[in-house]
Number of protein chains: 2
Amino acid sequence: MPGPDTKQRILDAAQTLFAERGFPATSLREITKLADVNLAAVNYHFGSKDGLLKELVNECIEPINKERIRQLDAAEAEAGGQPLVLRDLVRIFIEPAVREMCEENGSMPCVLSRLHHEPHAGLEEMMADILGPTISRFIAATHRCLPHRTPEELMIRGHFMVGAMLHLLDFNCEELMPVPGVNKEVISDYDFRLEQLVSFCTAGFDG
Amino acid sequence: MPGPDTKQRILDAAQTLFAERGFPATSLREITKLADVNLAAVNYHFGSKDGLLKELVNECIEPINKERIRQLDAAEAEAGGQPLVLRDLVRIFIEPAVREMCEENGSMPCVLSRLHHEPHAGLEEMMADILGPTISRFIAATHRCLPHRTPEELMIRGHFMVGAMLHLLDFNCEELMPVPGVNKEVISDYDFRLEQLVSFCTAGFDG
DNA sequence: GTATGAATAAAACAATCGTTTGTTTTCGAA
DNA sequence: TTCGAAAACAAACGATTGTTTTATTCATAC
């Protein structure tokens with residue numbers, strides 16, 4: 001009865017539910033019910049629940065990462081051996097993730113930020129494989145940008161940047177803390193968030 | 001056979017396992033086996049698995065929060081109506097958490113940072129009840145410190161700070177990213193981490 | 001038309017889950 | 001010593017988990 005897009009419908013449903021309740025707390029029966037497909041379809045198409053998760057994550061972070069590398073290549077080619085402007089460097093790392101995840105894939109940020117904090121068998125290695133080279137290049141470029149900082153300082157500040165970014169990505173999942181005088185429209189705007197995050201991290205790297 | 005400290009042994013074991021595998025992925029049987037107590041002891045002492053989690057979290061974040069309030073009271077009294085130094089303010093928010101969690105409770109950071117990203121029934125409200133007043137006071141003090149920033153800017157940057165802090169707290173759980181030239185001793189030192197985080201967030205708030 | 005293979009469907013699999021039961025042990029107060 | 005509440009225990013509860021099996025549908029190639 002359901003169309004030929006069973007696989008994609010499973011992925012969509014899984015994304016929604018993983019974002020809502022997390023991976024271990026979501027059952028295949030909930031997923032297949034939301035996707036309106038048969039229970040066995042998950043194991044047929046993905047081999048296992050873990051396989052579903054891996055394909056979902058890979059489908060999301062790989063394009064983000066390629067975009068980062070593309071922008072970094074372009075910026076370094078244009079700079080012609082000169083160090084990049086720090087703010088540009090930070091933006092190259094942050095923007096593709098925020099853009100892709102907040103605009104195209106509304107619920108994926110929650111999934112990803114959760115997975116960063118909830119290790120899963122084989123998933124850390126997958127993340128490291130995909131993200132490792134990018135991070136190495138980014139740190140190296142940052143070092144050329146801020147030669148007075150030690151490798152340890154650069155590394156741990158890169159870590160802080162990732163933390164701030166992941167926390168931003170998870171923002172839509174939480175209740176906003178009631179702060180008097182805050183305009184919710186302003187703070188919900190992705191461009192505002194992106195610029196604030198870039199400013200925060202750029203200053204933080206150099207501070 | 002086991003001593004009269006059953007409750008504490010359950011809390012300790014739960015903390016360890018929640019940090020390793022996360023709350024939903026940890027079974028009561030694993031906990032009670034590690035704690036060397038009977039399975040039914042959890043429901044006897046805590047009412048339910050959720051009750052165990054709540055007591056564990058509460059036991060951890062409440063002293064941190066009280067210490068933050070205490071330091072904030074002292075600093076504001078000493079300043080006598082004058083705005084605080086931003087760096088001092090940031091430190092008051094960050095230091096009690098890093099100190100308590102990294103030195104006394106080795107595995108609790110993982111649990112907490114995970115819970116921040118994996119909502120659980122009734123736990124968000126508990127966190128908000130405990131942390132809400134502190135955050136309000138902190139934002140207000142920050143506003144006096146940086147009157148040229150809008151409430152939206154202060155709020156979202158406070159959010160970034162929390163993200164960076166949680167990510168730092170989770171640092172010991174992860175593999176360190178291989179960056180050439182990094183001295184692992186330096187980067188493992190809590191004082192170094194604390195100072196770096198304070199510098200990063202202080203600069204980020206004003207940047 | 002018939003055969004072939006992928007996709008879907010229904011049903012059952014063994015295992016594990018959190019929880020509850022009824023009983024036994026422990027230990028200080030009466 | 002006796003009593004009784006608190007604690008610990010073994011055992012089982014019903015429900016749900018991921019997975020597998022078996023059968024059916026359906027389009028395409030012969």
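Throughout, a chain's letter reflects where its sequence line sits, starting with A, and its residues are numbered from 1.
Take A/Asp206 and apply the side chain to side chain donor-acceptor pair (under 3.5 Å) test, not counting sequence neighbours, and it matches no residue. Partners of B/Thr26 by side chain to side chain donor-acceptor pair (under 3.5 Å), not counting sequence neighbours: none found. Residues passing the ring pair (Phe, Tyr, Trp, His ring centres under 6.0 Å) test with A/Phe23, sequence neighbours excluded: A/Phe18, A/His120. The side chain to side chain donor-acceptor pair (under 3.5 Å) search around A/Thr134 returns A/Asn65, not counting sequence neighbours.
Using a 4.0 Å cut-off between a side-chain N of Lys or Arg and a carboxylate O of Asp or Glu, A/Arg99 and A/Asp191 qualify as a salt bridge.
Atom CG of A/Leu39 and atom P of D/dT21 are 15 Å apart (whole Å). A/His45 has its NE2 atom 6 Å from the P atom of C/dA7, to the nearest Å. Computed from coordinates, the B/Lys33 NZ to C/dG18 P distance equals 15 Å when rounded to whole Å. As rounded to whole Å, 13 Å separates atom C1' of C/dT8 from atom CG of A/Asp5. Between the P atom of C/dG18 and the CZ atom of B/Phe46 lies a distance of 15 Å, rounded to the nearest Å. Rounded to an integer number of Å, the gap from B/Asn38 CG to D/dA8 P is 9 Å. The nearest whole Å value for the distance from the CG atom in A/Asp36 to the C1' atom in C/dA7 is 15 Å. Here the P atom of nucleotide C/dG18 and the OH atom of B/Tyr44 are 21 Å apart, to the nearest Å.
Regarding contacts with the backbone of D/dA8, a side-chain N or O of B/Thr6 is found under 4.0 angstrom from either OP1 or OP2. The phosphate of C/dG18 (OP1 or OP2) has no side-chain N or O of B/Asn43 nearer than 4.0 angstrom.
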For a quick test of your reading: what N or O donor-acceptor pairs under 3.5 Å do the side chains of residues 53-62 of chain A make, sequence neighbours left out?
unit_1, atom_1, unit_2, atom_2, d
A/Glu55, OE2, A/Lys7, NZ, 3.4

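Sorted by first and then second residue, the salt bridge (Lys or Arg N to Asp or Glu O under 4.0 Å) pairs involving residues 128-146 of chain B (not counting sequence neighbours) are B/Asp73-B/Arg137, B/Glu76-B/Arg137, B/Glu76-B/Arg144. Every pair tested for ring pair (Phe, Tyr, Trp, His ring centres under 6.0 Å) that includes a residue from residues 37-57 of chain A fails, sequence neighbours excluded, so the list is empty.
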Dump the pairs, protein N or O against N or O of nucleotides 14-17 of chain D, anything under 3.5 Å, distances to one decimal.
unit_1, atom_1, unit_2, atom_2, d
D/dT17, OP1, A/Ser27, OG, 3.3

N/O to N/O distances under 3.5 Å, protein versus nucleotides 21-28 of chain C:
none

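Side chains of A/Ser199 and A/Arg87: a donor-acceptor N/O pair is present below 3.5 angstrom, by distance only.
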